[in-house]
Amino acid sequence: MGTRPLTQVRRRSPDPGPGDLLLRVEACGVCRTDLHLAEGDLEPRRPATVPGHEIVGRVVAVGEAVTSFRVGDRAGGAWLRSTCGECRYCLAGRENLCPRSTYTGWDEDGGFADLALVPADFAYPLPEVHDAASLAPLLCAGIIGYRALRRSALPRGGRLGIYGFGASAHLAAQVALAEGATVHVLTRSARARELALSLGAASAGGAYDRPPEPLDSAVLFAPVGDLVPVALEALDRSGTLAVAGIHLSDIPSLNYQRHLFQERDLRSVTSNTRQDGRDFLALAERIGIRVTVSPYPLSRADQALADLAGDRVNGAAVLVPD
């Protein structure tokens, strides 16, 4: 990626609506979804929207209806920004499937900025004991990785394959390891393989390599459709593959006997619920999750996206104020 798609602009400070928080941004993670939007893999829903949906900030103003946060609190804004609360998905606790859901950095301005508005009902209280840069990736990479792990139906003590090992994968791996899984990482990046082994992975090979044992579950984090049959073929009987990304290149033809027979399952992952976020953040605190961060000043957001596209980011890229 060499097009430098972002433009720096100066805007008036936003005013919080009745249910909003105004955050002074302390850090904002750079997610692969931001890259998909920048490169045109995802159609923008609003022109000139500020990207960024892993926002850590300090509350500087609250709307008149807000009772859950006060000025001075640390709060986080994430990908899921609003849902209708009335459809059958919301009423069933599956708000991630709400047809009227909106998203930070896609429908409304996000955190690649000095200030950001976040609806209080969709914000997360964050601990003071951690630096902002290490908290930011938890708000999407961590939460969606957690949901993908749960969608993979990994049995306790099971054998998990992780395809691609960036921001989300290196956090999900730690959750799986803490819960007793054996983790095998398959990724094209040599530096990512080193990180995987340092975190406790049992093996780390190339993206198209065969893992050293059959897998009970697998999660595909790389947005590469060619890896779907590779991962399915690596599953043991009744294994499940969860595809974690919002965008995936085309999947090649599957052979029923090799890839799906013996009750193998292929599942997608769509956003997350707020309960996923609460559950993951509590779990991350409990297990002492280690976040590997590559910081960039806000003015170099384009470089962070370019490095993400070129697999030059170790762990998670995070923007911090200049």
Side-chain angles (χ1 to χ4, degrees), residues 11-31 33-34 37 42 44-128 132 135-144 146-147 246 270-282 284 318-319:
R11 293 181 176 174
R12 185 179 65 83
S13 173
D15 296 318
D20 291 336
L21 309 177
L22 179 62
L23 302 184
R24 181 163 297 283
V25 178
E26 297 180 316
C28 186
V30 181
C31 180
T33 302
D34 299 315
L37 282 162
L42 295 177
R45 290 183 170 177
R46 198 191 72 176
T49 301
V50 177
H53 55 271
E54 298 176 321
I55 307 167
V56 177
R58 190 71 58 181
V59 178
V60 295
V62 299
E64 59 188 26
V66 175
T67 59
S68 51
F69 290 90
R70 296 181 298 178
V71 171
D73 287 347
R74 178 180 261 180
W79 176 237
L80 185 65
R81 188 180 185 88
S82 73
T83 57
C84 73
E86 301 172 346
C87 69
R88 65 189 183 98
Y89 300 105
C90 287
L91 296 176
R94 304 172 70 194
E95 65 181 3
N96 60 307
L97 300 178
C98 174
R100 287 181 277 171
S101 55
T102 67
Y103 299 93
T104 307
W106 197 9
D107 295 284
E108 300 290 343
D109 288 338
F112 287 17
D114 299 313
L115 296 167
L117 287 177
V118 175
D121 286 347
F122 287 78
Y124 297 96
L126 296 176
E128 298 285 350
L135 288 171
L138 302 181
L139 291 163
C140 180
I143 294 171
I144 204 65
Y146 173 80
R147 184 170 184 86
I246 190 173
T270 300
S271 187
N272 61 274
T273 66
R274 282 171 285 180
Q275 191 59 50
D276 290 329
R278 291 187 285 265
D279 290 346
F280 169 72
L281 291 171
V318 177
L319 302 181

Exercise. Determine, step by step, whether V30 and F112 satisfy the side-chain contact (heavy atoms from CB on, under 4.5 Å) criterion, reporting the C-alpha distance in whole Å, the side-chain angles of both residues, the deciding distance to 0.1 Å, and the verdict.
Key: CA-CA 9 Å; V30 181; F112 287 17; 4.1 Å; yes

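- The two residues N272 and R147 have their closest heavy-atom pair at CA-CD, 3.9 Å.
- Taking CD1 from I246 and OG from S271, the interatomic distance works out to 7.5 Å, rounded to the nearest 0.5 Å.
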Exercise. Tell me, with the steps shown, if V59 and L23 meet side-chain contact (heavy atoms from CB on, under 4.5 Å).
Key: CA-CA 5 Å; V59 178; L23 302 184; 3.6 Å; yes

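- Looking only at distances, no side-chain donor or acceptor of T49 sits under 3.5 Å from a matching main-chain atom of E108.
- Between the CG atom in L135 and the CD atom in E26 there is a gap of 9.0 Å [rounded to 0.5 Å].
- Summarising the local packing, CZ of R278 is surrounded by more than 12 heavy atoms from other residues, nucleotides or ligands at distances under 6.0 Å.
- Residues S82 and P119 fail the side-chain proximity criterion, which asks for heavy atoms closer than 4.5 Å.
- Counting heavy atoms from C-beta outward, P16 and V62 have side chains that stay 4.5 Å or more apart.
- Crowding of R88 atom CZ: a count of heavy atoms from other residues, nucleotides or ligands under 6.0 Å not exceeding 12.
- Applying the ring-ring contact (aromatic ring centres under 6.0 Å, His included) rule to pairs touching residues 62-88 yields H53-W79, W79-Y103, W79-W106, sequence neighbours excluded.
- Considering all non-hydrogen atoms of both residues, T273 and G93 come closest at CG2-O, 3.8 Å.
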Practice problem: Go through the steps to decide whether I144 and C31 satisfy the test side-chain contact (heavy atoms from CB on, under 4.5 Å), and finish with yes or no. | Solution: CA-CA 11 Å; I144 204 65; C31 180; over 6 Å; no

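- Taken to the nearest 0.5 Å, the CG atom of L281 stands 6.0 Å off from the CG atom of L139.
- A donor-acceptor pair is defined here as one N or O able to donate and one able to accept, closer than 3.5 Å; such a pair exists between the side chain of D34 and the backbone of G52.
- Rounding to the nearest 0.5 angstrom, the gap separating the CG atom in L117 from the CG atom in D15 is 8.0 Å.
- For R45, the side-chain hydrogen bond (donor to acceptor under 3.5 Å, both in side chains) partners two or more places apart in sequence, or in a different chain, are D107.
- Contact detail for D73 and R70: the closest heavy-atom pair is OD2-N, 2.8 Å.
- Between C28 and I55, the shortest heavy-atom distance links the atoms SG-CG1, 4.1 Å.
- Checked by atom type and distance alone, the side chain of D20 never pairs as donor or acceptor with a backbone atom of G63 at under 3.5 Å.
- In this structure a side-chain-to-backbone donor-acceptor pair under 3.5 Å is present from R58 to G72.
- Closest heavy-atom contact between S101 and L80: CB-CD1, 4.1 Å.
- Rounded to the nearest 0.5 angstrom, R74 CZ and E128 CD are separated by 5.5 Å.
- Scanning all heavy atoms of the two residues, the minimum distance from L91 to E86 falls at CD1-O, 3.4 Å.
- Every residue meeting the side-chain hydrogen bond (donor to acceptor under 3.5 Å, both in side chains) condition with D279, not counting sequence neighbours, appears here in chain and number order: Q275.
- Atom CZ of R94 sits in a sparse spot, with 12 or fewer heavy atoms from other residues, nucleotides or ligands closer than 6.0 Å.
- The closest donor-acceptor contact from the side chain of D276 to the backbone of I143 lies at 3.5 Å or more, if one exists at all.
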